[in-house]
Amino acid sequence: MTVRTRFAPSPTGYLHIGGVRTALFNWLFARKHGGQFLLRVDDTDQQRNVAAALEPILEGFRWLGLDWDEGPEVGGPYGPYYQSQRGELYQAAIDELLARGAAYRDYARPEELQAEREAAQAAGGQFTYSRRWRAETPADAARFEAEGRQAVVRLKMPRDGELALGDLVRGEVRFAWASEQDHVIQRADGSCLYHLASVVDDEAMKITHVIRAEEHLSNTPRQAFIARSLGYELPQYAHLPYVAEPGSKTKLSTRKLDKYLKNKDFAALVERGDGIARRLGLATAADTFNPVIVDFYAQIGFLPDALLNYLLLLGWSLDAQREEFSRPQMIEHFSLERVNKAPASFDPQKLLAFQDRAMQQLPLKQKVARCVPFLQRAALVSQPPTCDTGPYLSKILAAAGDRVKMAGDVLDYAEFFLPDDDLPYDAAAFEKRIARPAGARELLAAYAEELAGVEPFEAPALEAHLKEFVERRGIKLADVVHAVRVAVTGKAVGFGLFDALAILGRQRCQRRIARALASLNAG
RNA sequence: GCCCCGUUCGUCUAGUGGCCCAGGACAGCGCCCUCUCACGGCGCAGACAGGGGUUCGACUCCCCUACGGGGUACCA
């Protein structure tokens, strides 16, 4: 038997991080067993615009590299993969259920049902529908309809015994049938409900393992009942714990960004993202640009594998030590048996740590490839790039080393791409290291002049020269390093000064120092 | 209310009766490295929700309580 798993996104316009974790586990399980992973669009509830609302979700999957074997765009033998297009199948299943006596037409009015429910609750017991308005015969139906009633189709749930299910994450779970309701599977207007559609589709698409969030655990009995009544073989179930808010056990939600912003780690991540987005001129509205939505990470230059690696560890672990997994390793080691039962809270700092490490390990060439688009979007590099963009950026990234923690961080080094005359100065740094120190002006002038004789104009020679320079003058290295850094890069912080000088080249360094001195005079 | 699921350092977790006066990672704190910022090195601190059992022995098994989550919809 081939393993087949699915993820059923609703076309909501964005890909939620918790959803990705569920999708990842489904994908991993299918890949590990050489099976198929499919995407099925859960648009039973949607109006138009499904395509537009689905696109960002598919884009998220593509960015993450979670490929689907069947579903939107790729098709497959069990299509259509949009639930809104599968109505006939659902209707056939409902007819079948009715014919087999596993469902019935019910003419109760909502308020009548509500009254029964409240009475049961007041009595302190479980609610069991009296089935008073159930139509047993066409004559019953005609009578009810004469009263102006409309029918829904309800499941005729068992009222004795229990259902024992083997859940791949939770072990055996038991439910008493008596505590189940006669759930509606088709509304009066003929539209059908999620549980019915889901069961019918899983069967039609030959899904073998239903791996989903734990909020569906309590829904499983009614789905199992539908499946059994229709003569289906039950799939294997695995209910994953939910992903919780940072520092809490409450389920993570897309619409509570304001609340999460009060969490300092979450706020710090958003801040990082905003910094990059601002320089790219991107919109940063909370409902589209925030760490609960996957697109956030794509936009600021995360490595998809880092996000996936972090998400993998949110609820799953291999052993006491191992945390780093390449994609093939994830596939190799993943198992549902090692999925945790308790919810895990989303920790922005740990996610960042995974990203840092993944970026450190990324070969320079690939780092360059990931950064170029960001420079282009910020209009710091031409589109397409010239042939020396690559080598030039390589030098910068090599010098920056671990400081570039996500591709968008390359924008921290804009000074290497700006014309000398456009270089902005950090006002505080300029004041502290150039304007205020007594001898800074003379020192910078002398240094700029001596730069003419440094050969070769490379980091080791520059360093040797500056050491000799400060020794000759009887001053400390720091006295001149900081002033030169601000003059040449405009900033108080950055990577090794000698690397910066070498990358910019002699002329630009001299010109920039001269400009700093000039603006000192002007100011 | 009723039914179901869960509960180990701040966070992610290891642990399936003795290997645990509980191990690792992230964050935190301290020191070191240092031209700034990062990186890195070394070290410190920090948890079995509570109460009852069972057992020679319980983080591990059972029960209760508390807390969190889900279901109980003509939501998904």
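Residue numbers start from 1 in every chain, and the chains themselves are labelled A, B, ... in the order their sequence lines are given, proteins ahead of strands. The figures that follow rest on heavy atoms only: side chains count, while hydrogens, waters and symmetry mates do not.
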Point to revise | Closest to the A:Gln181 side chain, choosing from B:A27, B:U72, B:U13 | key: B:U72
Check your understanding: Are any non-hydrogen side-chain atoms of A:Leu497 and A:Glu463 less than 4.5 angstrom apart?
Key -> no
Point to revise | Base-pairing mate for B:C59 - Watson-Crick or G-U, with both contacts under 3.5 Å | key: none
Exercise for review: Go through B:A76, B:C39, B:C26 for me and flag the one nearest to the A:Tyr194 side chain.
Suggested key: B:A76
Review point. OP1 or OP2 of B:G15 sitting under 4.0 Å from any side-chain N/O of A:Arg338?
Key: yes
Check your understanding: Under 3.5 Å, is there a donor-acceptor pair between the side chain of A:Arg338 and the main chain of A:Ser335?
Key -> no
Review point. Which of the following nucleotides, B:C74, B:C26, B:C5, is nearest to the side chain of A:Arg154?
Key: B:C74
Check your understanding: Quick one: is B:C75 close enough that its OP1 or OP2 comes under 4.0 Å of any side-chain N or O from A:Arg187?
Key -> yes
**Study point:** A:Arg117 vs B:A73: side-chain N/O to OP1/OP2 distance below 4.0 Å
**Key:** yes
Check your understanding: Does the side chain of A:Ser345 get closer than 4.0 angstrom to OP1 or OP2 of B:C12 through an N or O atom?
Key -> yes
Review point. OP1 or OP2 of B:C12 less than 4.0 angstrom from a side-chain nitrogen or oxygen of A:Lys249, does that happen here?
Key: yes
Exercise for review: Name the pairing partner of B:C48, where a pair is Watson-Crick or G-U wobble with both distances under 3.5 Å, or state none.
Suggested key: none
Revision key, fill the gap. Winner on side-chain proximity to A:Leu217, out of B:A14, B:C26, B:C4, is B:C4
Check your understanding: Just checking A:Gly494: base, sugar-phosphate only, or nothing, at a heavy-atom cut-off of under 4.0 Å?
Key -> base
Check your understanding: Does a side-chain N or O from A:Ser10 land closer than 4.0 Å to OP1 or OP2 of B:A76, or not?
Key -> no
Review point. OP1 or OP2 of B:A14 sitting under 4.0 Å from any side-chain N/O of A:Asn340?
Key: yes
